[in-house]
Amino acid sequence: MVDSDRFRALAIWSRQLESSEFEMARAGIALRSFARGQCIFREGLNFDAWPGIVEGLVKLCHRTPDGREITYTGVHAGGWFGEGTVLKGEPRRYEVVALRDTTLALLDRPTFLWLFEHSVRFNHFLVGQLSERLGQFMGLLENDRLRDPVARVARALATLFNPVLYPEAGSHIVLSQEEVGLLAGISRPVANQSLKALFQAGALKVEYGALTVVDLEQLRRFG
DNA sequence: ACATTAAATTCGA
DNA sequence: TCGAATTTAATGT
């Protein structure tokens, strides 16, 4: 079982819980590691646990019947996702792929449901999380196809720096241009050009294997 | 796809 | 343990 300090560090929502809730939650957590490129959850399987990223980077995507792939969003360290489907016990409507070596924390479904029934603080966290994602997906709906790559990259990055989903993320992230391409659904060279455009617009700084966001508001407006 | 450069790793002293 | 040499990874075009 994870120790208390580790749990507090990897699950920001745990810090809001009362001590009995905290202990219940801690007992329901398991850690699991996945290799880069590995499919973590296949589409259509039932959610038996609520996952959070301890370390690494993951994308949530869907394969259309004609073989195309739509990336819904990326999730990096500190992010928790899929609460809607865990709650309802539905099968996943997307697959989860590790873009780099990744460690997940998994909160088993019975414990998740127990917290849902008993903890007001936990529910506050869930509501904030759900409404934030709803906003993201509405944005996706508006302009999914036919968007220029700069806007796709801007949106992908803006979600990684979303202050509600990642309250303690700084403005810096270790993320290669290839990973940017995978998240935005474009090739690495195009990601390179798009990042350069965003740099010239003053939205971010590009470093070797990493990025720093200078103007998050501007990034948002690109999408 | 290829050439260049940064970073990580290995190896010898 | 230090630094040069080699290998791997990321970038720019």
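Within every chain, numbering begins at 1; the chains are lettered A, B, ... in the order of the sequence lines, protein sequences first and strands thereafter.
When the side-chain nitrogen and oxygen atoms of Lys196(A) are compared with OP1 and OP2 of dT11(C), none of them lie within a distance under 4.0 Å. Residue Gln177(A) places at least one side-chain N or O closer than 4.0 Å to OP1 or OP2 of dG12(C).
dA3(B) atom C1' lies 12 Å from atom CZ of Arg188(A), rounded to whole Å. One interatomic measurement links the two molecules: CG of Asn192(A) to P of dA1(B), which rounds to 17 Å at whole-angstrom precision. Computed from coordinates, the Glu207(A) CD to dG12(C) C1' distance equals 17 Å when rounded to whole Å. As a whole-Å value, the separation of Leu99(A) CG from dA10(C) C1' is 16 Å. If you take CG of Leu175(A) and C1' of dT11(C), they are 14 Å apart, rounded to a whole angstrom. Atom pair Glu178(A):CD and dT8(C):P shows a separation of 17 Å (rounding to whole Å applied).
For the pair Arg36(A) and Gln193(A), both in contact range of DNA chain C, the more 5′-proximal nearest nucleotide belongs to Arg36(A).
For the pair Val150(A) and Ala197(A), the tightest heavy-atom approach, listed with the atom from each and the gap, is CG2-CB, 4.0 Å. For Val190(A) against Pro149(A), the heavy-atom pair with the smallest separation is CG1-CB, 3.5 Å.
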Check against salt bridge (Lys or Arg N to Asp or Glu O under 4.0 Å), Glu168(A) and Arg15(A): CA-CA 13 Å; Glu168(A) 45 188 336; Arg15(A) 300 172 206 172; 3.0 Å; yes
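Relative orientation of the Tyr72(A) and Phe137(A) rings is tilted, given thresholds of 30° and 60° on the angle between their planes.
Residues Arg100(A) and Glu179(A) are paired through a salt bridge, judged by an N-O separation under 4.0 Å between the basic side chain and the carboxylate.
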Any chance you could list the contact pattern along nucleotides 4-9 of chain B? Use B for base contacts, S for sugar-phosphate-only contacts and - for none, protein heavy atoms under 4.0 Å, 5' to 3'. --BS--
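Considering Trp80(A), Trp13(A), Phe122(A) as possible partners of Phe112(A), the one that fulfils the ring-ring contact (aromatic ring centres under 6.0 Å, His included) test is Phe122(A).
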